[in-house]
J.: 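Shown below is the structure under consideration.
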Amino acid sequence: MILLNPKKHMRKYSDNKSREIMLKTIEFFENKGLKSIKDDDHKRIWYREYLDFIKENKIFATLLTPSKYSGDPDARWDTYRNCEFNEIISFYGLAYWYTWQVTILGLGPIWMSKNEGIKKKAAKALEEGGIFAFGLSERDHGADVYSTDMTLTPKGEGKYVANGEKYYIGNGNEAAMVSTFAKIAGTGDYAFFIANFKRPEYQLKKNVCDSQNYVANYALHDYPITDAEILVRGDEALHTALNTVNVGKYNLGWASIGICTHAFYEAINHAANRVLYGMHVTDFPHVKQMFTDAYCRLVAMKLVALRTSDYQRTASIDDRRYLLYNPVVKMKVTSQGEDVITKLWDVIAAKGFERDTYFEMAARDIRALPRLEGTVHVNIALIVKFMENYFFNPGTFPEIGKIMHTRSDEFLFNQGPARGLGRIQFHDYRHVFDQFDIPNVNVFQEQIEVFKQFLATATPDDEQKKDIDFLMSLGEIFTLVVYGQLMLEEARLQKLEADLIDQIFDVMVRDFSKFAVELYGKQSSTPKQMESSLKMIKKPAADKRRYENIWTNHVHALKDTYVMNE
Ligand SMILES: Cc1cc2nc3c(=O)[nH]c(=O)nc-3n(C[C@H](O)[C@H](O)[C@H](O)COP(=O)(O)OP(=O)(O)OC[C@H]3O[C@@H](n4cnc5c(N)ncnc54)[C@H](O)[C@@H]3O)c2cc1C
């Protein structure tokens, strides 16, 4: 079973505690029931009940405290099991995921800092059921963190006052610690410090968003700070901000996977049981195709995210491949999620608007994930920096298997300076493609070869390299190649059925062709580039038997296998 089914949750875990956490969480939500989840969503109720459950069971403490800061032998920062938790909570609602996600972001600068006193306090706050917040964004500056206006003014003898405002800060209403990014007056040095929402100098101005989450606008007015509350300063503070986002952005892919999985069950149950003109909706050929494509995209999302966890867990200063794979998960898995929901919605139509469905919430929330914590554009602009080494200068790395061990992923808090991206090398992507002789994997490989030729012989000129719009098209195709590589690596580890791989690549070949048409049509594309783009357009290998197998045994087979408790 590839997709999560909370009522048949039989995943392998390397320890009992992890299984217990996942099962208890499922039980909490199934007992709460869909009606209550939807009522809370519609009335924008703060999820106190959920946070009390987290506190009672010390769930964030176990999952988010690196081993060395906890006395609990089960506590560790274990990316693999955090993926599982991400998937489960978003399956029940993005709001439950968001408060966990911003806790992760808030903890990033803390676990990365050398301030041992704060780390011990953070571990204690987690034990006591605390949530955390990440105060990076400001209203006027968006992604441009270099222009931060929050200021720490030195007052001598290790004392400062903080002044300024932050905007869009999740959990800013009651986080035990708000990791706040600022500049130091006079020097312009960056710094991260801890703010406490209970102090009178911390003004909680409003919830910027109309949702169950509290996405705070807060202001600090002569807020007193001492060296003891400063986490990091100088360039390291900037690297801390970027490295925290590096870790956090990966989770957005899992949120999309959880949302799409629940929505998929609702959609197939509805369509397969609905009879129109004397036939089931799922008997329409176009409905079959939409469901099959949505399923393939969803399975691919999960395979890619799972494989990326292995690279994140084994990362080191000498192996920073995760810095490409993480933005691929962020940008591609989340936008695929949007595609999945659109296809499902095209099928279930009016049903997707009904207030009692999970789908109504999914259709709204899925759109947040490609746009927040870095848009698709910001991530593609990052991804293209890796393209040259990926295709033309591969390195040698030991083969990485499935990493499910019970260990704390310490490197994530010691990532070093977030620079030198263009120098990072990758293993040769052809290695995994060559291990499959499957019709559509072969067609996809032909498309990759043409793209590589495009880069080598119709190389973008200096003007095109500066044109982010042109780079977006190149970046989409490059991302698709990396996506295919990661998916095949996971498919091999899981010994996935060949027919399913073939059907997934049927979708991928069509996507490749679509992006090639976009590249062809770019304002600045040259005749040589246009000719090369056209050669990338290929038809997937059709196979009726394979298609029927996937439809019958994978897609339609999900009908009535999961319904959430009322
Ligand atoms: C619900 C919600 C929760 C949030 N939670 C938090 C939180 O807890 N903590 C926090 O600090 N922030 C949070 N944010 C802020 C969020 O991460 C913002 O998206 C971020 O600050 C960027 O600002 P912006 O979205 O206004 O886009 P802008 O930065 O204003 O971007 C505008 C456009 O320019 C493009 N662009 C910008 N830079 C580049 C680039 N380098 N390359 C290519 N294109 C670029 C973008 O793609 C976009 O299309 C949250 C926002 C929301 C809505």
Side-chain angles (χ1 to χ4, degrees), residues 41 44 90 93-110 131-150 164-182 190 192-193 195 197 204 206-220 237-238 240-249 251-252 255 259 327 330-331 334-335 361 364-385 418 421 465-476 479:
D41 176 60
R44 311 293 191 240
S90 55
L94 191 69
Y96 306 106
W97 171 87
Y98 180 73
T99 190
W100 141 271
Q101 168 68 0
V102 287
T103 293
I104 289 178
L105 293 173
L107 286 167
I110 296 173
I131 51 175
F132 290 70
F134 184 60
L136 181 64
S137 298
E138 295 184 0
R139 186 176 196 168
D140 294 339
H141 304 306
D144 176 13
V145 295
Y146 305 97
S147 302
T148 295
D149 281 329
M150 174 69 75
E165 286 198 28
K166 293 284 173 182
Y167 207 75
Y168 297 129
I169 311 305
N171 290 349
N173 55 329
E174 60 171 66
M177 294 180 182
V178 183
S179 298
T180 302
F181 188 68
Y190 299 107
F192 255 113
F193 65 89
F197 79 99
L204 185 62
K206 64 174 177 184
N207 187 349
V208 179
C209 296
D210 180 17
S211 77
Q212 267 187 278
N213 300 308
Y214 202 105
V215 185
N217 169 204
Y218 68 87
L220 302 183
L238 188 63
T240 293
L242 301 175
N243 287 337
T244 297
V245 174
N246 281 342
V247 177
K249 65 165 62 165
N251 293 336
L252 279 86
I259 291 176
K330 163 66 182 79
M331 162 261 156
T334 61
S335 37
M361 214 161 59
R364 176 197 64 207
D365 291 341
I366 199 71
R367 295 193 279 183
L369 297 155
R371 294 176 179 82
L372 299 179
E373 269 184 64
T375 54
V376 170
H377 325 134
V378 168
N379 281 288
I380 293 192
L382 175 64
I383 284 167
V384 290
K385 294 186 179 159
L421 303 187
K465 281 183 190 154
K466 279 188 239 144
D467 174 1
I468 298 188
D469 182 50
F470 185 81
L471 289 182
M472 288 297 142
S473 286
L474 285 186
E476 285 280 12
T479 303

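Numbering of ligands and ligand atoms starts at 1, following listing order. Computation of the quantities below employed the complete heavy-atom set of this structure, encompassing side-chain atoms and omitting hydrogens, waters and symmetry-equivalent molecules.
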J.: In terms of residue, atom name and distance, what is the protein heavy atom nearest to atom 25 (O) of ligand 1?
T.: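 Scanning the protein heavy atoms, the shortest distance from atom 25 (O) of ligand 1 goes to Arg371 O, 4.9 Å.
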J.: Counting C-beta onward and ignoring hydrogens, is there a side-chain heavy-atom pair between Ile110 and Phe132 closer than 4.5 Å?
T.: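 SC-SC contact between Ile110 and Phe132 confirmed.
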J.: Flag the pair Asp140 / Tyr167 as yes when at least one side-chain heavy-atom distance between them is below 4.5 Å, and no otherwise.
T.: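 The answer is no; the side chains never approach within 4.5 Å.
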J.: Only one of Lys249, Gln101, Lys330 clears side chain to side chain donor-acceptor pair (under 3.5 Å) with Glu373; which?
T.: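 With Glu373 as partner, Lys249, Gln101, Lys330 yield a single side chain to side chain donor-acceptor pair (under 3.5 Å), made by Gln101.
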J.: Atom 3 (C) of ligand 1: which protein heavy atom is closest, and how many Å away?
T.: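 Sorting protein heavy atoms by distance from atom 3 (C) of ligand 1 puts Tyr98 OH, 3.0 Å first.
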J.: Can you check whether Val102 has an N/O within less than 3.5 Å of an N/O in ligand 1?
T.: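 No.
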J.: List ligand 1 atoms under 4.0 Å from Glu373, heavy atoms only on the residue side.
T.: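 Those qualifying, in numeric order: 17 (O).
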J.: Could you report the tightest heavy-atom contact between Ala195 and Thr180, atom names first, then the distance?
T.: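 Heavy atoms of Ala195 and Thr180 come nearest at CB-OG1, 3.9 Å.
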J.: Closer than 4.0 Å and a protein heavy atom, does any atom meet both conditions relative to atom 27 (O) of ligand 1?
T.: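 No; the ligand atom in question lacks any protein heavy-atom contact below 4.0 Å.
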J.: What are the two closest heavy atoms between Leu252 and Thr334, and how far apart are they?
T.: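 Distance-wise, the nearest heavy atoms are O-CG2, 3.6 Å.
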J.: For the 3.5 Å polar cut-off, considering only N or O atoms, please tell me whether Ala381 and ligand 1 meet it.
T.: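 No; the residue has no nitrogen or oxygen that sits under 3.5 Å from a nitrogen or oxygen of the ligand.
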J.: Counting only nitrogen or oxygen atoms and a 3.5 angstrom limit, does Leu136 reach ligand 1?
T.: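 Yes, since at least one N or O of Leu136 sits under 3.5 Å from an N or O of ligand 1.
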J.: Could you tell me, atom by atom, which parts of ligand 1 come under 4.0 Å of a heavy atom of Ile169?
T.: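 Near Ile169, the atoms of ligand 1 are 7 (C), 8 (O), 9 (N), 10 (C), 11 (O).
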J.: Any idea which protein heavy atom is nearest atom 24 (P) of ligand 1, and the distance to it?
T.: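 For this ligand atom, the closest protein heavy atom is Gly142 CA, 4.2 Å.
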J.: Is atom 11 (O) of ligand 1 close to the protein, meaning a heavy atom under 4.0 Å from it?
T.: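 There is a protein heavy atom less than 4.0 Å from atom 11 (O) of ligand 1.
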J.: So is Tyr168 polar-close to ligand 1, meaning N/O to N/O under 3.5 Å?
T.: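 The answer is yes, given that Tyr168 and ligand 1 share an N or O pair closer than 3.5 Å.
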J.: Give the atoms of ligand 1, by number and element, whose distance to some non-hydrogen atom of Ala143 is under 4.0 Å.
T.: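 So the atoms of ligand 1 that pass are 22 (C), 23 (O), 28 (P), 29 (O), 38 (N).
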J.: For the residue pair Ala216 and Gly172, what are the closest heavy atoms and their distance?
T.: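 Ala216 and Gly172 have their closest heavy atoms at CB-CA, 3.7 Å.
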J.: Show the nearest heavy-atom pair for residues Gly475 and Val384, with the distance to one decimal.
T.: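 Smallest heavy-atom distance, with atoms named: CA-CG1, 3.7 Å.
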J.: Could you tell me whether Val215 approaches ligand 1 through its side chain, its backbone, both or neither, with non-hydrogen atoms closer than 4.0 Å?
T.: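 Contact part for Val215 vs ligand 1: side chain (C-beta onward).
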J.: Using heavy-atom distances only, which candidate in Asp140, Leu372, Val145 approaches atom 52 (C) of ligand 1 most closely?
T.: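 Heavy atom nearest to atom 52 (C) of ligand 1 belongs to Leu372.
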J.: Applying a heavy-atom cut-off of 4.0 Å, say which part of Thr375 lies close to ligand 1: side chain, backbone, both or neither.
T.: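 For Thr375, the contact with ligand 1 is made by the side chain alone.
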J.: Just to confirm, does any protein heavy atom lie below 4.0 Å from atom 32 (C) of ligand 1?
T.: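 No; the ligand atom in question lacks any protein heavy-atom contact below 4.0 Å.
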J.: Within the 4.5 Å heavy-atom criterion, are Val215 and Asn207 side-chain neighbours or not?
T.: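 Yes, side chains in contact.
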J.: When you measure from atom 44 (N) of ligand 1 to every protein heavy atom, which one gives the shortest distance, and what is it?
T.: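 Sorting protein heavy atoms by distance from atom 44 (N) of ligand 1 puts His377 CB, 3.8 Å first.
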J.: Using a 4.0 Å cut-off to any heavy atom of Phe134, which atoms of ligand 1 qualify?
T.: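 By the 4.0 Å cutoff, the relevant atoms are 7 (C), 8 (O), 9 (N), 10 (C), 11 (O).
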J.: For atom 41 (N) of ligand 1, which protein heavy atom lies nearest, and how many Å away is it?
T.: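 Atom 41 (N) of ligand 1 sits closest to the protein heavy atom Val378 CG2, 4.5 Å.
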J.: Taking all heavy atoms of Lys206 and all of Tyr214, pick out the closest pair and write down the distance.
T.: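 Taking Lys206 first and Tyr214 second, the nearest heavy atoms are C-OH, 3.2 Å.
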J.: Would you call the rings of Tyr190 and Phe181 parallel, tilted or perpendicular, taking 30° and 60° as the class edges?
T.: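 Tyr190 and Phe181: parallel rings.
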J.: Does the side chain of Asn213 come within less than 4.5 Å of Val102's, by heavy atoms?
T.: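 No, their side chains stay 4.5 Å or more apart.
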J.: Of all heavy-atom pairs between Gln212 and Ala95, which one has the smallest distance, and what is that distance?
T.: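 That closest heavy-atom pairing would be OE1-CB, 3.8 Å.
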J.: In this structure, does ligand 1 have an atom that sits under 4.0 Å from one of the heavy atoms of Phe181?
T.: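 The answer is no, since Phe181 has no heavy atom less than 4.0 Å from ligand 1.
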J.: Examine Tyr167 against ligand 1 and note whether any of their N/O atoms are separated by less than 3.5 Å.
T.: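 Between Tyr167 and ligand 1 (N or O atoms, distance only) the closest approach is not under 3.5 Å.
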J.: So is Ser137 polar-close to ligand 1, meaning N/O to N/O under 3.5 Å?
T.: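 It does: an N or O of Ser137 is found under 3.5 Å from an N or O of ligand 1.
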J.: With a 4.5 Å cut-off on side-chain heavy atoms, are His377 and Ile468 touching?
T.: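 SC-SC contact between Ile468 and His377 ruled out.
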J.: Which ligand 1 atoms does Gly170 reach within 4.0 Å, using its non-hydrogen atoms?
T.: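 Under 4.0 Å from Gly170, ligand 1 has these atoms: 7 (C), 8 (O).
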